[in-house]
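Below you'll find the structure, written out as structure tokens, and then a few comments.
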Protein chains: 4
Amino acid sequence: MSEPRKQRANGIESRRRILDAAAEIAAERGYEGTGIAAVSARCGLPASSIYWHFKDKDDLITAVIERSFETWLTAMELPGEQGDSPRERVVRMAAAVARSLVGTPDFLRLGLMLALERRPEEPRGRTVFLQIRSVARGKVAEIAAALLPELDDASIALLATYAVAAADGLFVAHQTEGDEIDLVRLFELHAHLVFDAAEHLAHSRNGSP
Amino acid sequence: MSEPRKQRANGIESRRRILDAAAEIAAERGYEGTGIAAVSARCGLPASSIYWHFKDKDDLITAVIERSFETWLTAMELPGEQGDSPRERVVRMAAAVARSLVGTPDFLRLGLMLALERRPEEPRGRTVFLQIRSVARGKVAEIAAALLPELDDASIALLATYAVAAADGLFVAHQTEGDEIDLVRLFELHAHLVFDAAEHLAHSRNGSP
Amino acid sequence: MSEPRKQRANGIESRRRILDAAAEIAAERGYEGTGIAAVSARCGLPASSIYWHFKDKDDLITAVIERSFETWLTAMELPGEQGDSPRERVVRMAAAVARSLVGTPDFLRLGLMLALERRPEEPRGRTVFLQIRSVARGKVAEIAAALLPELDDASIALLATYAVAAADGLFVAHQTEGDEIDLVRLFELHAHLVFDAAEHLAHSRNGSP
Amino acid sequence: MSEPRKQRANGIESRRRILDAAAEIAAERGYEGTGIAAVSARCGLPASSIYWHFKDKDDLITAVIERSFETWLTAMELPGEQGDSPRERVVRMAAAVARSLVGTPDFLRLGLMLALERRPEEPRGRTVFLQIRSVARGKVAEIAAALLPELDDASIALLATYAVAAADGLFVAHQTEGDEIDLVRLFELHAHLVFDAAEHLAHSRNGSP
DNA sequence: AATGAATGAGGATTCATTCAT
DNA sequence: AATGAATGAATCCTCATTCAT
């Protein structure tokens, strides 16, 4: 009555099923909370099969983060650069990002959890997430520099750091508060504020903060 | 006359030692990562003694969060309300908060970790943290309402949500990036931005975002 | 119907029971063959209780070896030094040792197994056994030096090494061949041979081997 | 034309590689310590390929012992029977054996480990080793009988047992102590002692030990 | 107020082996 | 001749918790 033995073994399919199961569980319960037994139960493969596909738990979680990030990247399409004002373009980009985050991408939820931990032997997933994060900050800085060429490097760095960090915070709020929070509206507000600040910094060359 | 000193059972002292140990470990490794055995090893008391002071692990973690929050509250003194402009007052408050966060209060780090998880049986520590968080948002809304009386309730709620959420994000960034990040400067920038937005919202009574 | 819970917990007794069980199994199957589950089953305590008494498997095996050695040492009483010839004294000592080895002391069987292995991370039990072994060689050298004062150090070292090594071999043979092998007789022969060699070396000061 | 070289399946080569890997690992860690996965990793072939060449783990280990023994036998050439005294001949043979043992043949190290164990289901490798051992004892008895025809059967058996057992012990000592131990010198001493004993037994026909 | 000892459930991981291809 | 994938049982060990003292 129980399936005899999976015929026509298909490694790729299995790997996907394991990742799916692990992603769901890890997004709910974090690194330590993700038991191999639970993943095994949810994907239908025995625990030992998971170890055929992934070296260990760390490897599995890292793969979850990487795959989730790639999926998210290809899914999120930034709006075309139609001929509207820089401010409008930034706001539309922020809204697009916000919309892509409403689906709660695993890499971001899991990554932030890992980022907050400081265990002696850092999980590889954390390292990977922090790299992703740093690439993102770089991208934001690029965009800022392109839109407001008169900004100096220090100001750009400051703005990029602020923009990305605050975005994380908004995501966390959406995470905890649920849909009472209008993520798109908050991201648009966020974009306006950062743009204001950028203009401020650009025009007052020798001013305060 | 026999034992060197501090041999007669001292419950308060023991409780403090346990909380100290648990706080350190929980800040490093999160809820699941905090093993009773590890706490026992770090504080020097046997595991069974921990259960004399705390009902269970959940109770212990909750106590850690509560104590850390109280410590943080009493340590952080908001600057006096001298007669300077509202904007200056807000910026000075933000800087004071930033300074208090540089020490990485456990309740915030741990609380954010817990907040990001979504396990079926919610740890009490998470509930407590979310309450703290909501009180904080209320406080921010109060201040905003006092400083800019002409703001309507919806705008105040939006601003308070944004202000607190972005602050969380800045804290996380400081957490992951370390001291390369100037938390005080970022909080001051943050205060300026929020204040700008508030003024904007106050003057354009009937506009969109 | 199953015992409610061991009342009047008695750590020392439990420790002894665990060691007894581990000694039996380890003597049969060696280091890797000694499963904690098997020890648990034989001693009646759950596996987790074994870890209360011993840090890990290595610690347990080491304790087995140490205890077995101590037991053996106190059990084996060397014969009094009545006024007979040196040769007779040596032979009587060898016979006493042989008799004590017929009971197959665990430390020796287990120790030799461990000694033959060369795993990268050496089990502590192996180190302990080799120390015991080296102390034994020292004792033999002492006795030889006392009985035949004219022997030089190099000869004494050679003889002691030979005496102990061959004794190991005889023990192994007894182990594998069973009681068809008369261990006492072989040890007496061994003693005679070594004594002959000692006399030889003592009288031919400047000879070959 | 495509693959660089040695791509077309070569069963004999693979079998050799597996045996090499298994021999290394088994000599390090014994029977239980030799995992199929470890062998697979060291020889570069997947675990399932090992099962193509060998029925099961027991079969593999047995093959390791057998091959090692054959290699050792053909490598060790006993010295010619030139016209010197029986004693000199025996000593030269012992030295030759010692020299062949310095390379630590796997069959002997592994065999002795297996011999010391007493597990319910005896590994075939153990049986094979004990047979080898018994053949060796027979050979030694033959030689002794040829050189000293006046010895009775019981004495010959005793001497052969002693000779082989002590040789094992010397090998073990070399194994544990390393090259501080001069195996050739010890084997020469050993040969002298046994020869002395044989003469003794031959001349005192009706005496005790 | 504290603790030594115990306990069952579960942790991650490795085991020898099988089987379809 | 070989192998990628799978599998259930076993591995050592840690978990949070309890209880008698």
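All values below were derived from every heavy atom in this structure, side-chain atoms included, with hydrogens, water molecules and symmetry-related copies excluded. Chain letters run A, B, ... following the sequence lines, proteins first, then strands; residues in each count from 1.
- Within 3.5 Å, a donor on the side chain of Trp52(B) pairs with an acceptor on the base of dA2(E), or the reverse.
- Here the C1' atom of nucleotide dA1(F) and the CD atom of Glu13(D) are 14 Å apart, to the nearest Å.
- Spacing between atom CG of Asp59(C) and atom C1' of dC12(F) amounts to 14 Å, rounded to whole angstrom units.
- Rounded to whole Å, the distance from CZ on Phe54(A) to C1' on dT14(E) is 18 Å.
- Between Asp56(A) atom CG and dC12(F) atom P the separation is 20 Å, expressed in whole Å.
- Here dT7(E) is the nucleotide among dT17(F), dT7(E), dT14(F) with the atom lying nearest to any side-chain atom of Ser49(C).
- Here dG4(E) presents its C1' atom at 9 Å from NE2 of His53(C), a figure rounded to the nearest Å.
- Salt bridge annotation for Glu24(A)-Arg42(A): present, with a cationic side-chain nitrogen under 4.0 angstrom from a carboxylate oxygen.
- Across the interface with DNA chain E, nearest-nucleotide mapping of Leu45(C) and Ala47(A) shows Leu45(C) to be the residue nearer the 5′ end.
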_Derivation of the side-chain contact (heavy atoms from CB on, under 4.5 Å) call for Ile65(B) and Asp106(B)_ = CA-CA 7 Å; Ile65(B) 291 183; Asp106(B) 295 323; over 6 Å; no
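- A pairwise comparison of heavy atoms in Met113(A) and Leu116(B) identifies CE-O, 3.5 Å as the closest pair.
- Both the sub-6.0 Å distance and the 45° axial angle are satisfied by Lys57(B) relative to the ring of Tyr31(B).
- Dashed line: the shortest gap from a side-chain N or O of Ser14(B) to OP1 or OP2 of dA2(E) is under 4.0 Å.
- Heavy-atom minimum distance, Ala23(C) versus Arg67(C): CB-NH2, 4.5 Å.
- Contact check on Arg126(A) versus Glu121(A) returns no salt bridge, with no Lys/Arg side-chain nitrogen under 4.0 Å from an Asp/Glu carboxylate oxygen.
- Checking dT17(F), dT17(E), dA6(E) against every side-chain atom of Lys57(D), the shortest atom distance belongs to dT17(E).
- Rounding to whole angstrom units, CZ of residue Arg16(D) and P of dA1(F) are separated by 17 Å.
- Contact check of residues 28-36 of chain B against DNA chain F (heavy atom, cut-off under 4.0 Å) returns Thr34(B), Gly35(B), Ile36(B).
- Taken from CG in Asp20(D) to CD1 in Ile25(D), the straight-line distance is 11.0 Å, to the nearest 0.5 Å.
- Once rounded to the nearest 0.5 Å, the distance linking OG of Ser49(B) with CZ of Arg15(B) reads 14.0 Å.
- Summarising the geometry, the separation between OH on Tyr51(C) and C1' on dT7(E) is reported as 15 Å, rounded to the nearest angstrom.
- Nucleotide dA5(E) holds its C1' atom 10 Å from the CG atom of Asn10(C), rounded to whole Å.
- Nearest nucleotide to the side chain of Ser48(D), out of dG4(F), dT17(F), dC15(F): dG4(F).
- In this structure, Phe69(B) and Phe107(B) have perpendicular ring planes: the angle between them is above 60°, well past the 30° mark.
- Secondary structure note: stems in DNA chain E built from 3 or more consecutive Watson-Crick or G-U wobble pairs under 3.5 Å occupy E:2-21 with F:2-21.
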